[in-house]
Amino acid sequence: MSACPLILAGGVERVSSPLSFIGVHQITRFYQKYEIRYETVYRTRHGHRVAHRQKVRHSIGARQVSTNLPKAYRRALLSYLKEMGTSPRLFDLMMEAKPADIRFVLPSEALDLHLTTRQADVTALLAAR
């Protein structure tokens, strides 16, 4: 689930069983601001300016979470899904489900969305190794 549908979409032959669980949800991005400040103290030695010591200060900001996708990310993801032959409706389903939720894609929906290329029973899947 989660990122797995994107990996599944990258397969050449994407086989699932009627009992498969494929889940999608919004993409979550995490941000944390790191700030590093350098302060160099100089002194003059024999008429030349020489770095004497350097102070380094760093701070770590609060972690931020966002499900807002920049246009470039959205275009890249839609382009990937199109290149893999899946329906752009898959992206819409992902965006509808909140990050804490999972929207299950039924096996018949997965076929309609071209997320899977065919269904096979469990025996056939196990025999494929």
Side-chain angles (χ1 to χ4, degrees):
M1 300 199 204
S2 203
C4 295
L6 299 176
I7 296 168
L8 177 62
V12 175
E13 187 174 353
R14 303 181 296 261
V15 183
S16 69
S17 85
L19 304 175
S20 294
F21 287 98
I22 302 170
V24 298
H25 64 81
Q26 287 179 352
I27 296 171
T28 306
R29 298 181 310 138
F30 298 92
Y31 298 96
Q32 194 157 20
K33 183 178 179 180
Y34 294 93
E35 187 173 340
I36 301 173
R37 291 184 182 206
Y38 296 94
E39 180 182 327
T40 304
V41 177
Y42 295 93
R43 66 181 201 193
T44 304
R45 181 182 287 166
H46 306 294
H48 297 318
R49 188 175 160 189
V50 179
H52 176 61
R53 68 175 186 245
Q54 190 173 47
K55 293 182 185 178
V56 177
R57 286 184 244 152
H58 57 29
S59 62
I60 300 172
R63 182 175 163 176
Q64 297 176 2
V65 179
S66 174
T67 56
N68 192 11
L69 283 181
K71 288 180 184 177
Y73 282 37
R74 185 178 294 267
R75 275 194 310 270
L77 188 51
L78 284 166
S79 174
Y80 168 75
L81 292 173
K82 181 179 179 181
E83 185 178 341
M84 296 301 109
T86 63
S87 169
R89 288 184 299 132
L90 176 61
F91 180 80
D92 296 335
L93 291 179
M94 291 171 61
M95 294 294 98
E96 288 172 9
K98 300 292 180 205
D101 298 332
I102 295 285
R103 191 332 189 141
F104 289 102
V105 179
L106 299 173
S108 59
E109 285 180 302
L111 282 170
D112 290 343
L113 295 167
H114 304 288
L115 180 58
T116 55
T117 55
R118 69 182 176 95
Q119 285 188 1
D121 64 16
V122 174
T123 312
L125 292 173
L126 292 173
R129 296 180 192 247

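Sequential numbering from 1 along the given sequence is applied to the chain's residues. Just so it is clear, the model here is predicted, and its values are computed rather than measured.
- A search for salt bridge (charged side-chain N to carboxylate O under 4.0 Å, His left out) contacts involving E83 returns nothing, not counting sequence neighbours.
- Counting heavy atoms from C-beta outward, H114 and M84 have side chains that stay 4.5 Å or more apart.
- Nearest heavy-atom pair, I22 versus P5, reported as atom, atom and distance to 0.1 Å: CG2-CG, 4.1 Å.
- How far OG1 of T116 is from CD of E13: 11.0 Å, rounded to the nearest 0.5 Å.
- Under the 4.0 Å criterion applied to side-chain N and carboxylate O atoms, R37 and E39 are not assigned as salt-bridge partners.
- Using a 4.5 Å cut-off between side-chain heavy atoms of Ile, Leu, Val, Met, Phe, Trp and Tyr, I7 forms no hydrophobic cluster with any other residue.
- What you find for P107 and P18 is that their closest heavy atoms are CG-O, 3.3 Å.
- Linking Ile, Leu, Val, Met, Phe, Trp and Tyr residues whenever their side-chain heavy atoms come within less than 4.5 Å leaves L111 and L8 in two separate clusters.
- T86 places a side-chain N or O within donor-acceptor distance of the main-chain N or O of L81, the cut-off being under 3.5 Å.
- Taking every heavy atom of both residues into account, V12 and T117 meet most closely at O-CG2, 4.0 Å.
- With sequence neighbours excluded, the residues that form a side chain to side chain contact (heavy atoms under 4.5 Å, CB included) with D112 are R89.
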Got a list of side-chain donor-acceptor pairs under 3.5 Å for residues 94-104, not counting sequence neighbours?
| residue | atom | partner | partner atom | Å |
| --- | --- | --- | --- | --- |
| R103 | NH1 | E109 | OE1 | 2.9 |
| R103 | NH1 | E109 | OE2 | 3.3 |
| R103 | NH2 | E109 | OE2 | 3.0 |

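- In the hydrophobic cluster analysis, where Ile, Leu, Val, Met, Phe, Trp and Tyr join through side-chain heavy atoms closer than 4.5 angstrom, L90 is grouped apart from L106.
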Considering only distance and modelled atom types, tabulate donor-acceptor pairs under 3.5 Å from the side chains of residues 60-77, sequence neighbours left out.
| residue | atom | partner | partner atom | Å |
| --- | --- | --- | --- | --- |
| S66 | OG | N68 | N | 3.0 |
| T67 | OG1 | Q26 | OE1 | 3.4 |

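- Legend: residues meeting side chain to side chain contact (heavy atoms under 4.5 Å, CB included) with R43, ordered by chain and number and at least two apart, are R45, H52.
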